Amino acid sequence: MKLAIVDKKEYASSNLKLRIRGIGIKTIKKDPDFVISHGGDGTLLISERAYPGIPKAIIKDSSVCRCCDYELTPDELIEKLKQKKYKIEEHIKIESCGLKAVNDIVIR
C-alpha cells in the first residue's frame with residue numbers, strides 16, 4: 001500500500017511518516033492508494049484538491065472538524081489500513097461552471 005500524507009504542520013507529518021515506515025508502508029507524493037489527511041476540515045479539502053478521487057483517511061487534529069466524526073489515533077488508523085479493516089464511503093461533489101468542489105463553490 002502506498003500512502004500520501006497531507007498535513008499543514010510539517011513536524012506532525014514527519015513523525016507520522018516515521019511511524020508508517022516502521023510498519024512497512026511506503027509514503028509517496030504521486031499516485032497513492034490512500035491519502036491520510038491530518039488536520040481538520042480545511043486539510044481534508046486541501047487533500048481532495050491535491051488527490052481528487054483517491055480515498056482519504058482522516059486523522060483529527062482540530063477541535064473544529066465536522067468531517068472527522070470518529071476518534072482514532074494515528075497508530076490505530078495506520079493499523080486499520082494495514083489490516084484492510086476499513087470501508088470506503090463515497091460522497092458526491094458539486095459542480096458549477098466546470099469547477100468541482102467537495103462542499104461549496106464561492107463565486108465573487
Side-chain angles (χ1 to χ4, degrees):
M1 175 183 301
K2 300 175 291 182
L3 293 175
I5 298 173
V6 176
D7 192 338
K8 290 189 285 187
K9 301 173 186 169
E10 186 62 36
Y11 69 90
S13 62
S14 295
N15 185 23
L16 198 52
K17 286 178 188 175
L18 288 174
R19 289 150 101 177
I20 290 169
R21 283 189 203 128
I23 60 170
I25 296 176
K26 185 176 183 179
T27 58
I28 60 170
K29 293 195 181 261
K30 273 184 100 174
D31 300 320
D33 298 318
F34 270 93
V35 176
I36 292 180
S37 176
H38 188 212
D41 291 349
T43 307
L44 174 63
L45 297 176
I46 291 167
S47 66
E48 180 59 25
R49 185 176 348 146
Y51 301 100
I54 304 296
K56 313 292 182 293
I58 305 167
I59 298 175
K60 183 176 181 174
D61 188 28
S62 169
S63 60
V64 183
C65 186
R66 293 187 178 108
C67 294
C68 311
D69 60 354
Y70 52 89
E71 297 280 340
L72 286 180
T73 67
D75 292 330
E76 290 170 335
L77 176 64
I78 293 164
E79 191 58 35
K80 286 189 181 290
L81 289 174
K82 182 179 173 187
Q83 295 177 7
K84 299 187 180 193
K85 290 186 177 180
Y86 55 82
K87 68 177 183 172
I88 295 177
E89 294 180 10
E90 292 192 31
H91 298 269
I92 61 169
K93 289 185 182 181
I94 58 175
E95 183 174 0
S96 177
C97 303
L99 301 171
K100 290 184 181 180
V102 173
N103 63 347
D104 62 7
I105 296 174
V106 178
I107 301 172
R108 295 182 184 191

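On a predicted model such as this, the values are computed, not experimentally measured, just so you know.
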**Report entry** Distance-minimising heavy-atom pair for Pro55 and Ile88
**Finding:** CG-CD1, 4.0 Å
**Report entry** Where Asp7 and His38 come nearest, the two heavy atoms and their spacing
**Finding:** OD2-ND1, 2.6 Å
Drop me the distance from [X]'s [atom1] to [Y]'s [atom2], to the nearest 0.5 angstrom.
| X | Y | atom1 | atom2 | value |
| --- | --- | --- | --- | --- |
| Leu81 | Glu76 | CG | CD | 12.0 Å |
| Ile36 | Leu3 | CD1 | CG | 5.0 Å |
| Lys56 | Ser47 | NZ | OG | 5.0 Å |
| Ile28 | Ile5 | CD1 | CD1 | 11.0 Å |
| Leu77 | Ile58 | CG | CD1 | 9.5 Å |

Query raised in the report: Hey, is the main chain of Lys82 close enough, under 3.5 Å, to the side chain of Lys84 for a donor-acceptor pair?
Result: no
Query - Heavy-atom donor-acceptor pair, Tyr51 side chain to Asp33 backbone, under 3.5 Å - result: no
